[in-house]
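All values below come from the heavy atoms of this structure, side chains included, with hydrogens, waters and symmetry mates left out. Fair warning: this is a prediction, and the values are worked out from it, not measured in the lab. Chain identifiers are assigned alphabetically (A, B, ...) following the order of the sequence lines, protein sequences preceding nucleic acid strands; residue numbering begins at 1 within each chain.
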Protein chains: 2
Amino acid sequence: MRQGNPDFMNGVPELLILKLLAAREMYGYELVQSIREQTNEAISLSEGVVYPTLHALEIEGALKSRRNTVNGRSRVYYSITKLGSRKLARIADAWSSVTRAVQSVLQGAKHASAF
Amino acid sequence: MRQGNPDFMNGVPELLILKLLAAREMYGYELVQSIREQTNEAISLSEGVVYPTLHALEIEGALKSRRNTVNGRSRVYYSITKLGSRKLARIADAWSSVTRAVQSVLQGAKHASAF
DNA sequence: TACTATACCTCGTACTTAAAGGTATAGGCA
DNA sequence: TGCCTATACCTTTAAGTACGAGGTATAGTA
């Protein structure tokens with residue numbers, strides 16, 4: 001563990017960002033704060049995580065962006081693409097699969113349910 | 001994502017290994033198979049993950065080992081220490097915290113419950 | 001004898017998060 | 001005017017970690 005967030009964060013920033021942008025268009029700085037608030041400070045992503053993730057997702061075509069100036073502030077708004085929605089569905093499934101599997105071990109169950 | 005397991009695996013091997021060893025003494029090869037079976041193949045840790053994790057946990061005092069020969073096979077059995085139990089409690093909490101936080105975003109809840 | 005399962009191990013790579021640091025503008029306040 | 005803070009964007013560097021590949025050795029079986 002580096003510091004700040006507990007651990008178990010592999011792939012989580014990408015998942016959260018895609019999910020939030022699936023609901024509505026947002027800009028980077030807004031995502032940082034939104035995630036912190038919605039998780040009650042349990043997850044606090046730094047800008048150094050959010051911006052590179054946004055750029056990577058845009059490059060692979062999962063997001064598209066438009067620059068907009070609001071109150072004299074230049075913002076880059078991101079929204080999800082069709083390809084991004086499919087990616088979100090895929091990784092949300094993977095997330096469920098892993099958490100279900102871990103949960104079954106934590107609860108001492110002999111077998112995880114297939115679905 | 002490297003390959004094999006989906007992603008979201010950060011810290012998971014350590015958590016699973018500690019949890020299984022909290023129930024009973026096991027050896028490395030057994031852990032690999034046990035995790036694969038108990039998670040219905042959802043999580044399949046390679047030996048290249050399990051053995052280094054076991055060694056690291058032993059060095060930090062979370063596990064202790066004893067060598068035992070069964071049916072002509074030499075095995076290294078690991079069991080959890082008091083320090084390991086405390087570590088398990090800590091990271092199990094962290095796991096709960098992260099999964100709860102992610103879940104609240106995935107469900108579109110405005111606020112995660114505090115506990 | 002050869003192959004498979006058991007059982008242990010290490011090394012190198014690839015990926016990812018996170019912190020730190022850097023730029024620039026708007027607005028409040030002294 | 002000058003200073004500080006919040007907003008808003010970005011990059012670089014460091015450090016950790018899972019994973020595959022590869023390697024050794026023994027027991028049992030075909």
Given that A:Val49 and B:Asn71 both sit by DNA chain D, which one's nearest nucleotide is further toward the 5' end?
->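 Looking at the nearest nucleotide for each, A:Val49 comes out on the 5' side.
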Presence of [X] side-chain N/O under 4.0 Å of [N] phosphate oxygens OP1/OP2:
| X | N | answer |
| --- | --- | --- |
| A:Tyr51 | D:dC10 | no |
| B:His55 | C:dT10 | yes |
| A:Tyr29 | D:dT7 | yes |

For [X], answer base if it contacts any base atom (sugar-phosphate contacts may also be present), sugar-phosphate if it contacts only those atoms, and nothing otherwise; contact means non-hydrogen atoms under 4.0 Å.
| X | result |
| --- | --- |
| B:Gly48 | base |
| A:Arg73 | base |
| A:Glu47 | base |

Protein-nucleotide distance ([X], atom [atom1]; [N], atom [atom2]), rounded to Å:
| X | N | atom1 | atom2 | result |
| --- | --- | --- | --- | --- |
| B:Ile91 | D:dT17 | CD1 | C1' | 14 Å |
| A:Arg36 | C:dA18 | CZ | P | 12 Å |
| A:Phe8 | D:dG16 | CZ | C1' | 14 Å |
| B:Tyr27 | D:dA25 | OH | C1' | 16 Å |
| B:Met26 | C:dT6 | CE | C1' | 15 Å |
| A:Leu54 | D:dA8 | CG | P | 14 Å |
| B:Arg75 | D:dT24 | CZ | P | 23 Å |
| B:Glu58 | C:dC8 | CD | P | 12 Å |

Using a 4.5 Å cut-off on heavy atoms from C-beta on, say whether the side chain of A:Leu63 contacts that of A:Ile80.
->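 Touching, per the 4.5 Å side-chain cut-off.
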Taken to the nearest 0.5 Å, the spacing of A:Glu30 CD from A:Tyr78 OH works out to 13.0 Å
When rounded to the nearest 0.5 angstrom, what is the spacing between CD1 in B:Ile91 and OG in B:Ser96?
-> 11.0 Å
Starting at the 5' end of DNA chain C and moving along, which residue's nearest nucleotide shows up first, A:Val12 or B:Ser74?
-> B:Ser74
Test log, rule side-chain contact (heavy atoms from CB on, under 4.5 Å), inputs B:Leu57 and B:Lys87 = CA-CA 10 Å; B:Leu57 286 171; B:Lys87 186 187 176 85; 3.8 Å; yes
The nucleotide from D:dA18, C:dT17, D:dG20 with an atom nearest the side chain of B:Thr53 is D:dA18
Look at B:Glu25 together with B:Arg66 and state whether they make a salt bridge at an N to O cut-off of under 4.0 Å.
-> yes
